[in-house]
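Each remark here refers to the structure printed beneath this line.
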Amino acid sequence: MRCRRACRRAAGVAVALVLLTGGSPAAPAPQRLRWGPCPAQVAAPARSGLQCATVRVPLDYAAPDGRSITIGVSRLAATGPGPRRGVLLLNPGGPGGPGTPMPLWFAAHVPASVRAGYDLIGFDTRGLFTSTPVSCRLSAAQLRHAPVSMPLPHRPFAATAELHRGIAQSCARHAGDLLPTMYTANTARDMDRIRRALGEERISYYGVSYGAHLGAAYATAFPGRTDRVVLDSAPDARAGWWKALRAFGPGSQQRFPDLTAYMAERDAAYRLGATADEVSETYARLLAETAARPKDVGHYAVDDNVLRQITLQALFSDASFPQLADVWRFLARAPGAPDEAGAEKALVPLQAAVPLEPRTQQLVLPTTLAVLCQDTPWPRSVDTYRRAQQHDAWRYPVAGAMTGNIWPCAFWPYRPQEPPVRIGGRGPRNILMLQNRRDPATPYAGARAVRKALGRRAVMVDAAQGGHGVYGFTADPCTADAATAWLTRGTLPRTDLSCPARGTAR
């Protein structure tokens, strides 16, 4: 009996390894990529130099000779001078962020020395944009309310639960056989097929937020295929995505004092409070007022849910604080506040917190949900989420009930097809982690846990600042220099480093 159990466990591990490394012992024949102009949805300027192609991958890696799908990829060729290092694969996070335009953003925000040595490669994960698409055919109401992960205003919790149940049911009816295959382990396999199609023995990688988790998963599954890896603002998804997403509660609470201090220091201009406490009171008052009666800001109806969302979005970057202050000023009717047109203009940079254009959202939302719901199990009891909402609204008032809210994952028709990739330290020491100390979305404590799981493979450089995203997102020279030195010269710090606010390592 003991031998049979051990043999079954060994066989299961062997099957999992075969699946993770490509689906069959024999590597597929290399594909020849046909680079050309990018599709219109990539929105690449004609003279940007960005080219696009597609890579064919199995729908199901357990049946590699069965039906295939396509993954859209993009390339911004290395500029030189000097030798080409290789390719730098990029992922913007989400999950569900558009990956094919990312080389243009990355090239504009990092030093030319990085751009010189790498072909920058973007890709859309399966189901998204230039890849084989998926759609749940969601209604206008589902598209409007689902991205704002809050209880429906002036409705009982049961109504919110039914909204999310309906989204899960619509995905089950309409999304087809692609949806169950959309999860992180398969995306890692798709990345390795991209590597093969590019003719590269190893790939370098930069990913932010969920993209950092994806990079950690790839580096764990294919350690020998990684060159220089940068993981920026990593979430800790090891205990499940619901717990990782709930970290937004304490994360935003820790970050909020940066915002209130900024507004208080400019009280002569903003009139939102002369102290941090007074600014916090203004926020609480605006939430109560917009909950009772939503206020029009141009084309946007701002209720308390939307106000929370745009405030949380602003916490991602200090650069968003002035725009948020103008929206708050308008809502508070503060002296000198902008008019409605000015407030709407200020709100536009924060509109990532507002539901996207419906055609785009039909692609993004199923992609986001598929990964989050299928990577790890979620609680199935509606009461679990009801209690979580009440707890989080009391404990973390900045984000309120959002972090504990119910998701379609509570009713998702598909269970995880395999265990998630267990992030580990097997492989070369070639991972640089970057992290802000006061990150609202992927808090420092979670990134430290990922750093511990990666062991000797990784080194972390953190910054004593707030915001989500480090390299290319902030002006901190300490973290930026560490990332640039790693990507261009292959120099990693010997030990973990903490960068103080002035930007020098200690």
Side-chain angles (χ1 to χ4, degrees), residues 147-150 153 209 233 248-291 293-356 396-403 436-443 465-470 473-475:
V148 184
S149 185
M150 297 281 194
S209 196
S233 308
F248 212 133
S252 59
Q253 205 70 34
Q254 185 184 34
R255 168 70 163 148
F256 193 64
D258 293 342
L259 174 66
T260 57
Y262 172 89
M263 291 182 175
E265 289 167 2
R266 293 158 179 81
D267 181 57
Y270 293 152
R271 302 297 181 89
L272 295 170
T275 66
D277 286 345
E278 289 179 359
V279 175
S280 295
E281 291 169 2
T282 298
Y283 179 55
R285 175 170 59 83
L286 292 177
L287 286 172
E289 291 176 357
T290 53
R293 184 177 180 179
K295 298 185 180 184
D296 292 332
V297 181
H299 293 88
Y300 300 99
V302 177
D303 61 12
D304 57 324
N305 284 345
V306 174
L307 177 57
R308 283 190 195 277
Q309 285 292 104
I310 63 173
T311 299
L312 296 175
Q313 182 68 26
L315 297 181
F316 278 40
S317 172
D318 291 359
S320 297
F321 289 0
Q323 287 83 12
L324 182 68
D326 278 346
V327 177
W328 280 20
R329 291 168 67 201
F330 173 79
L331 296 174
R333 300 295 190 264
D339 60 16
E340 187 171 348
E344 182 181 18
K345 184 178 179 181
L347 191 149
V348 169
L350 306 172
Q351 66 180 333
V354 179
L356 299 172
Y396 310 116
V398 173
M402 183 197 76
T403 55
N436 290 324
R437 284 271 184 168
R438 299 185 304 282
D439 188 319
T442 56
Q465 61 185 4
H468 185 53
V470 182
F473 290 87
T474 74

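If you read the sequence from its start, that first residue is 1, and numbering goes on from there. All values reported here derive from a predicted model rather than from experimental measurement.
- L272 CG to E281 CD: the interatomic distance, rounded to the nearest 0.5 Å, is 12.5 Å.
- Within the 3.5 Å criterion, the main-chain N or O of V297 finds no donor-acceptor partner in the side chain of E344.
- To the nearest 0.5 Å, the span separating OH on Y396 from CZ on F248 amounts to 13.5 Å.
- Across every non-hydrogen atom of D296 and E340, the tightest pair is O-OE2, 3.8 Å.
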Return all side-chain donor-acceptor pairs below 3.5 angstrom for residues 255-263, not counting sequence neighbours, or 'none' if the list is empty.
{"residue": "R255", "atom": "NE", "partner": "L315", "partner atom": "O", "Å": "2.7"}
{"residue": "R255", "atom": "NH1", "partner": "D258", "partner atom": "OD2", "Å": "2.8"}
{"residue": "R255", "atom": "NH1", "partner": "D318", "partner atom": "OD1", "Å": "3.0"}
{"residue": "R255", "atom": "NH2", "partner": "L315", "partner atom": "O", "Å": "3.1"}
{"residue": "R255", "atom": "NH2", "partner": "D318", "partner atom": "OD1", "Å": "2.6"}
{"residue": "D258", "atom": "OD1", "partner": "R438", "partner atom": "NE", "Å": "3.2"}
{"residue": "D258", "atom": "OD2", "partner": "R438", "partner atom": "NE", "Å": "2.9"}
{"residue": "D258", "atom": "OD2", "partner": "R438", "partner atom": "NH2", "Å": "3.3"}
{"residue": "T260", "atom": "OG1", "partner": "P257", "partner atom": "O", "Å": "3.2"}
{"residue": "Y262", "atom": "OH", "partner": "Y270", "partner atom": "OH", "Å": "3.2"}

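- A301 and V306 make their closest contact through O-CG2, 4.0 Å (heavy atoms, listed as atom of the first residue, atom of the second, distance).
- Residues P440 and L312 are not in side-chain contact: their nearest non-hydrogen atoms beyond the backbone lie 4.5 Å or more apart.
- Across every non-hydrogen atom of G469 and T474, the tightest pair is O-CG2, 3.6 Å.
- What you find for A264 and A276 is that their closest heavy atoms are CB-N, 3.8 Å.
- Side-chain atoms of T290 never come within 3.5 Å of backbone atoms of V302 as a donor-acceptor pair (strictly under, hydrogens ignored).
- The closest donor-acceptor contact from the side chain of N436 to the backbone of D439 lies at 3.5 Å or more, if one exists at all.
- Contact detail for A399 and G249: the closest heavy-atom pair is CB-CA, 4.5 Å.
- At distances below 3.5 Å, at least one donor-acceptor pair connects side-chain atoms of R308 with backbone N or O atoms of V398.
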Could you go through residues 321-336 and list every donor-acceptor pair under 3.5 Å that involves a side-chain atom there, pairing it with any protein atom two or more places apart or in another chain?
{"residue": "D326", "atom": "OD1", "partner": "R329", "partner atom": "NH1", "Å": "2.7"}
{"residue": "W328", "atom": "NE1", "partner": "T311", "partner atom": "OG1", "Å": "3.4"}
{"residue": "R329", "atom": "NH2", "partner": "G336", "partner atom": "O", "Å": "2.4"}
{"residue": "R333", "atom": "NH1", "partner": "F330", "partner atom": "O", "Å": "2.6"}

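- Closest non-hydrogen pair, G273 versus V279, comes out as O-CG2, 3.6 Å.
- A donor-acceptor pair is defined here as one N or O able to donate and one able to accept, closer than 3.5 Å; such a pair exists between the side chain of E278 and the backbone of A274.
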Task: Audit row: H468, S209, side-chain contact (heavy atoms from CB on, under 4.5 Å) steps and yes/no - done: CA-CA 8 Å; H468 185 53; S209 196; 2.9 Å; yes

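- With sequence neighbours excluded, the residues forming a salt bridge (charged side-chain N to carboxylate O under 4.0 Å, His left out) with E289 are R285, K295, listed by chain and number.
- Between the side chain of D304 and the backbone N or O of A288, no donor-acceptor pair lies under 3.5 Å.
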